[in-house]
Number of protein chains: 2
Amino acid sequence: MGISERKQRQLEQVRSAILAQSWQIVEDEGWDALSIRRIADAIEYSTPVVYKHFESKEAIRSAFSKEGYALLADRLHQAKKTHDRPTDQLMSLSNAYWTFAEEHPKYYQIMYGLGIPTCDMVRETREIMQVSTVFHQTIEAAIKESKQPDADVHLKAMTFWSILHGLVAMTMVSPGDPKTAKLILEDAVAGFIKALAS
Amino acid sequence: MGISERKQRQLEQVRSAILAQSWQIVEDEGWDALSIRRIADAIEYSTPVVYKHFESKEAIRSAFSKEGYALLADRLHQAKKTHDRPTDQLMSLSNAYWTFAEEHPKYYQIMYGLGIPTCDMVRETREIMQVSTVFHQTIEAAIKESKQPDADVHLKAMTFWSILHGLVAMTMVSPGDPKTAKLILEDAVAGFIKALAS
DNA sequence: TTACTTTTGCTGACAGTGTTAACTTTTATG
DNA sequence: CATAAAAGTTAACACTGTCAGCAAAAGTAA
């Protein structure tokens, strides 16, 4: 009796309208400009309708955070494919990471925005894991090929990730020349890879 | 006619009361809990009085950011003194940096909080520079003693800073075991120093 | 078709927020 | 003491997240 299917579809439509309009607001005016009332205005519904789909504003932010991690994971996977040697893959990963942050700063901002209650991040864990796994696997392979195969994978993976994030975050709070920023990134990653391989 | 001096003193008193009470609120309940009305309540004045001393809420945040950078710079200077060899100093600096972030997370959060309009940071530049300078000078000395004295100081200093910040930020958004976090830091910094010295 | 039920959506409110204009009280000076 | 200046207050504007309660529409059963 396809009637409830249609309802389901309409619900989905509203939900994705919320996300679409929210994203427009964020891209145009930044995260601070995003409010439930503005979303409601944009989708031409009243405010409580938004709460039918997202239990809070934080839930909307969380949804975008998940989206961001998924997108980043995808970019990383693609970047990894372009090379076979693990050390080259690491270089490629760092490039993709940087490019992602540069192209989607709004995503990066919620993904790593400080002040997020850590418990709320549980729902995003799946997507974060996808990113984490790419790093772990590549690092693991790199370690196996290196001259010190007993190095701690988790430790090295976190170090790698931290270096990447550190640079992205630094250039976001005090943006200088993007080219020098990328130079710094390459320098840091090269140093890391060298320390890993030798 | 010490009368205007007394007034000046009273003004200063209110100003520091604002800062003191604000800090209490932040330490107790986090940055989100800080509002002009709550500050006014705490200092037992009406809200516009707060605006006599700070032109906006952002100005109060900025003041704490400056304080944070000044405190960090102090800690870094003290840490540097404990060693003579530049490479040892770098290790000491990274330790001090980490300890600062661990002991004063509320400071670190405004200092590096994302989403801050970059123009508002101009007023904090002096204090940021003090931190930046410690890094630059130590790195410069380390480079001079190294086997590649033509390395770019600015680039290496930024790399160093980014590594430190990356790790602090990562453990703040997804806090794991602090001990492993510190291990990661030491691993990363050791790698950096090695790459620099060799 | 009518009566009933469920879903859907809206209005309006509560308790907050940053910020400021206009007013009152206090204080210092001629 | 009157007057001018400084200090401090109230009350408002335009917002915010969130939700209880009500009206309207849609689906179901007789």
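In this text, all values refer to a predicted model and were calculated from it rather than measured experimentally. Just the heavy atoms: all of them, side chains too, but no hydrogens, waters or symmetry mates, feed the values below. Numbers restart at 1 for each chain; the letters A, B, ... are given by sequence-line order, proteins then strands.
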S.K.: For the pair made of CG in B:Asp32 and C1' in C:dT17, what is the distance, rounded to whole Å?
M.R.: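 In whole Å, C:dT17 C1' and B:Asp32 CG are 12 Å from each other.
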S.K.: Under the criterion ring pair (Phe, Tyr, Trp, His ring centres under 6.0 Å), which of A:Tyr112, A:Trp23, A:Trp31 is the partner of A:Tyr107?
M.R.: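 Testing A:Tyr107 for a ring pair (Phe, Tyr, Trp, His ring centres under 6.0 Å) against A:Tyr112, A:Trp23, A:Trp31 leaves exactly one candidate, A:Trp23.
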S.K.: Can you tell me how the ring of A:Phe160 sits relative to the ring of A:Phe192, calling it parallel under 30°, perpendicular over 60° and tilted otherwise?
M.R.: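 A:Phe160 vs A:Phe192 ring planes: tilted.
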S.K.: Any idea how A:Phe100 and A:His104 line up, ring-wise: parallel (<30°), tilted (30 to 60°), or perpendicular (>60°)?
M.R.: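 Taking A:His104 first and then A:Phe100, their aromatic rings sit tilted (interplane angle of 30° to 60°).
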S.K.: Between B:Ser92 and B:Ala79, which heavy-atom pair has the shortest distance, and what is it?
M.R.: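 Smallest heavy-atom distance, with atoms named: OG-O, 2.8 Å.
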S.K.: Taking the six-membered ring for Trp and the single ring otherwise, decide whether the centroids of B:Tyr108 and B:His165 are under 6.0 Å apart.
M.R.: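 Yes - the distance between ring centres of B:Tyr108 and B:His165 falls below the 6.0 Å cut-off.
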S.K.: Would you mind reading off the distance between A:Phe54 atom CZ and D:dG17 atom P, rounded to a whole angstrom?
M.R.: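 It works out to 14 Å between those atoms.
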S.K.: Output a table of nitrogen or oxygen pairs between the protein and nucleotides 12-14 of chain D separated by less than 3.5 Å.
M.R.:
unit_1: D:dA12; atom_1: N6; unit_2: B:Arg37; atom_2: NH2; d: 3.2

S.K.: Nearest of D:dG8, C:dT11, C:dT20 to any side-chain atom of A:Pro48?
M.R.: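 Minimum distance to the A:Pro48 side chain belongs to C:dT11.
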S.K.: Rounded to whole Å, please give me the gap between CD in A:Glu58 and C1' in D:dT16.
M.R.: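 Taking atom C1' of D:dT16 as the reference, CD of A:Glu58 is at 15 Å.
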S.K.: Within the 4.0 Å heavy-atom criterion, would you say B:Tyr45 contacts the bases, only the backbone, or no part of the nucleic acid?
M.R.: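 Counting heavy atoms under 4.0 Å across all strands, the contact made by B:Tyr45 is with sugar-phosphate only.
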S.K.: For the pair made of CG in A:Leu11 and P in C:dT8, what is the distance, rounded to whole Å?
M.R.: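 Taking CG of A:Leu11 and P of C:dT8, I get 6 Å after rounding.
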S.K.: Round to a whole Å and report the spacing from NZ of A:Lys57 to P of D:dC15.
M.R.: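 Computing the A:Lys57:NZ to D:dC15:P distance gives 15 Å.
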S.K.: So, B:Lys106 and B:Glu29, do they make that salt bridge, N to O below 4.0 Å?
M.R.: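 Salt bridge flag = no for B:Glu29 with B:Lys106.
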S.K.: Looking only at side-chain N and O atoms, does B:Ser46 come under 4.0 Å of OP1 or OP2 in D:dG8?
M.R.: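 It does not, given that no N or O in the side chain of B:Ser46 lies less than 4.0 Å from OP1 or OP2 of D:dG8.
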S.K.: Could you give the CG-to-P distance, from B:Asp41 to D:dG8, as a whole number of Å?
M.R.: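 Those two atoms, CG and P, are 16 Å apart.
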S.K.: In whole angstrom, what separates A:Tyr51's OH from D:dC19's C1'?
M.R.: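 Going from A:Tyr51 (OH) to D:dC19 (C1'), I get 8 Å.
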S.K.: From CD1 of A:Ile25 over to C1' of D:dG17, roughly how many Å is that when rounded to an integer?
M.R.: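 After rounding, the reported distance stands at 15 Å.
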S.K.: NA contact type, B:Leu34, heavy-atom cut-off 4.0 Å: base, sugar-phosphate, or nothing?
M.R.: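 Result for B:Leu34 = sugar-phosphate.
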S.K.: Should B:Glu58 and B:Arg61 count as an ion pair when the cut-off is N to O under 4.0 Å?
M.R.: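 A salt bridge links B:Glu58 with B:Arg61.
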